[in-house]
2 protein chains.
Amino acid sequence: MSLMAATQQVKRRATNQGAAVKEALAAEDTFRSAQDVYATLRANGEKIGLSTVYRHLQIFVDDGLADVIHKPDGESTYRLCGDASTTHHHHLVCRSCGKAVEIEGPAVETWADKVAAQNGFTDVNHTVEIFGLCAACAA
Amino acid sequence: MSLMAATQQVKRRATNQGAAVKEALAAEDTFRSAQDVYATLRANGEKIGLSTVYRHLQIFVDDGLADVIHKPDGESTYRLCGDASTTHHHHLVCRSCGKAVEIEGPAVETWADKVAAQNGFTDVNHTVEIFGLCAACAA
DNA sequence: GTCATAATGGGAACGATTCCGAATAAGACG
DNA sequence: CGTCTTATTCGGAATCGTTCCCATTATGAC
Ligand SMILES: [Mn+2]
Ligand SMILES: [Mn+2]
Ligand SMILES: [Zn+2]
Ligand SMILES: [Zn+2]
């Protein structure tokens with residue numbers, strides 16, 4: 001999704017709110033909503049505002065540290081991706097618990113570009129998400 | 001996206017509002033938002049309410065007549081798909097004008113199912129959308 | 001320490017979508 | 001045609017996620 005990581009590092013101040021949001025995300029391998037992260041942090045006694053949570057999540061996305069998936073119901077969910085976050089990849093997501101597995105599909109990438117080119121489309125990107133029930137949630 | 005068309009035809013009354021919404025969608029090969037369709041109809045002198053537009057768009061989706069794409073900004077867009085709407089397919093969409101081309105990718109389908117199975121996921125489905133600038137909008 | 005200013009946060013504002021409920025009209029029946 | 005049942009309509013209120021505003025706070029450079 002992110003065509004390139006941060007185009008140009010912007011100087012940013014280190015705040016504990018920012019760290020808290022990152023920790024909350026890092027704690028689980030699931031896509032979580034801003035509201036969810038906010039609730040968790042507050043429940044944990046963290047002093048942080050909802051606006052701040054949204055702000056940091058967006059920063060992570062801009063910096064290529066996190067991926068975002070827009071659920072059908074309109075809610076956006078975020079996930080801190082692996083160290084190799086610079087590598088283009090997609091996700092296999094559990095509809096029930098949100099657990100996500102990073103996946104790659106070289107064939108899909110080339111197919112997408114080819115189809116777009118054949119139809120005269122330029123400046124192309126794509127979204128590919130696979131949803132299902134993880135083994136754990138199947139019970 | 002639609003696992004199956006209407007599971008069971010529900011008797012529905014024929015209203016001119018419903019016909020108007022369908023015509024509005026059929027008039028263009030682009031994904032359009034409910035608000036957009038509503039504005040167009042009103043501008044055309046049609047007597048119809050926003051709620052009604054939403055209702056019919058959802059009915060089309062339920063009946064498998066239309067596909068829906070949830071834009072990143074949270075807006076849902078609808079498009080009346082070809083007669084062969086029963087056939088599973090995806091779209092190549094212009095980010096600028098919304099024009100959409102129906103595309104198929106058998107290889108992607110099998111790949112998606114395989115990846116899901118390998119990771120123990122069941123009850124799988126997926127979203128694949130390619131975005132770009134159509135030739136016309138490239139100018 | 002001081003200072004400039006990036007970051008914060010809570011409440012208002014927003015925009016898309018859904019809900020509600022009284023008014024309207026499709027269509028079955030006679 | 002009339003009548004009757006009830007699906008449908010529609011506009012305004014209500015939701016809900018997200019963004020905006022801006023006075024207050026705190027980071028980090030000097
Ligand atoms: Mn890809
Ligand atoms: Mn597919
Ligand atoms: Zn799960
Ligand atoms: Zn275009």
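Sequence lines set the chain letters: A, B, ... in the order given, protein chains first and strands last, and positions in each chain run from 1. We use all heavy atoms of the structure for the numbers below, so side chains are in, but hydrogens, waters and symmetry mates are not.
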In a table with atom names and distances, give each donor-acceptor pair under 3.5 Å that connects a side chain of residues 50-61 of chain A to protein atoms at least two apart or in another chain.
{"residue": "A:Tyr54", "atom": "OH", "partner": "A:Gln35", "partner atom": "NE2", "Å": "3.3"}
{"residue": "A:Gln58", "atom": "NE2", "partner": "A:Asp62", "partner atom": "OD1", "Å": "3.0"}

So if I take residues 24-43 of chain A and measure heavy-atom distances to DNA chain C, which residues fall below 4.0 Å? A:Arg42

Side chains of B:His126 and A:Glu129 in contact at under 4.5 Å (non-hydrogen atoms): no

For the helix from C:dG1-D:dC30 to C:dG30-D:dC1, figure out the bend between the end axes, five pairs an end, and round to 10 degrees. 40°

Can you tell me how far P of D:dA26 sits from CD1 of A:Ile48, to the nearest Å? 14 Å

Does B:His56 have a side-chain nitrogen or oxygen under 4.0 Å from the phosphate oxygens OP1 or OP2 of D:dT9? yes

Residues which pass side-chain hydrogen bond (donor to acceptor under 3.5 Å, both in side chains) with A:Thr77, listed by chain and number, not counting sequence neighbours: none

Strictly below 4.0 Å: does B:Lys47 bring a side-chain N or O up to OP1 or OP2 of D:dC10? yes

To the nearest angstrom, how far is A:Asp73 atom CG from C:dT17 atom P? 12 Å

Could you check A:Gly49 against B:Leu50 and say which one's nearest nucleotide on DNA chain C is further toward the 5' end? A:Gly49

Atom-to-atom span, CD of B:Glu75 to P of C:dA16 - whole angstrom: 5 Å

Flag the pair B:His89 / B:Cys81 as yes when at least one side-chain heavy-atom distance between them is below 4.5 Å, and no otherwise. yes

Atom OH of B:Tyr78 and atom P of C:dA16: how far apart are they, to the nearest Å? 12 Å

Side chain of B:Ser51 only, please: which of C:dT17, D:dG11, D:dC20 is the nearest? D:dG11

Picking from D:dC10, C:dG9, C:dT17, the nucleotide nearest the side-chain atoms of B:Gln17 would be D:dC10

Begin with the C-alpha distance, continue with both residues' side-chain angles, and end with the deciding distance and a verdict on side-chain contact (heavy atoms from CB on, under 4.5 Å) for A:Gln118 and B:Val101. CA-CA 11 Å; A:Gln118 289 179 335; B:Val101 179; over 6 Å; no

Within a strict 4.5 Å, meaning less than it, do heavy atoms of the B:Glu104 and B:Thr87 side chains meet? yes

Cluster overlap B:Val128 with A:Phe131, hydrophobic side-chain contacts below 4.5 Å: no

Would you be so kind as to tabulate the donor-acceptor pairs closer than 3.5 Å made by side chains of residues 19-34 of chain B, with sequence neighbours excluded?
{"residue": "B:Arg32", "atom": "NE", "partner": "B:Asp36", "partner atom": "OD2", "Å": "3.1"}
{"residue": "B:Arg32", "atom": "NH1", "partner": "B:Ala24", "partner atom": "O", "Å": "3.1"}
{"residue": "B:Arg32", "atom": "NH2", "partner": "B:Thr40", "partner atom": "OG1", "Å": "2.6"}
{"residue": "B:Ser33", "atom": "OG", "partner": "B:Asp36", "partner atom": "N", "Å": "3.0"}
{"residue": "B:Ser33", "atom": "OG", "partner": "B:Glu75", "partner atom": "OE2", "Å": "3.4"}

Validation row: B:Tyr78, B:Val37 side chains within 4.5 angstrom (heavy atoms): no

Rounded distance (Å) that lies between atom C1' of C:dA7 and atom CZ of A:Phe60: 14 Å

In this structure, how many angstroms lie between the C1' atom of D:dG17 and the NZ atom of A:Lys71, rounded? 11 Å

Pairs: protein N or O with nucleotides 25-30 of chain C N or O, under 3.5 Å:
{"residue": "C:dA26", "atom": "N3", "partner": "B:Arg13", "partner atom": "NH1", "Å": "3.1"}
{"residue": "C:dG27", "atom": "OP1", "partner": "B:Ala14", "partner atom": "N", "Å": "2.9"}

Grab the NZ-P distance between B:Lys11 and D:dT5 for me, whole Å please. 14 Å

Is any side-chain heavy atom of A:His70 closer than 4.5 Å to a side-chain heavy atom of B:Lys71? no

What nucleic acid atoms does A:His70 come within less than 4.0 Å of, heavy atoms only: base, sugar-phosphate, or nothing? nothing

Min side-chain heavy-atom separation B:Val93-A:Phe121 under 4.5 Å: no

Please report, rounded to the nearest Å, how far the P atom of C:dA7 is from the CD atom of A:Glu46. 18 Å

Are the side chains of B:Asn125 and A:Arg95 in contact, using a 4.5 Å heavy-atom criterion? yes

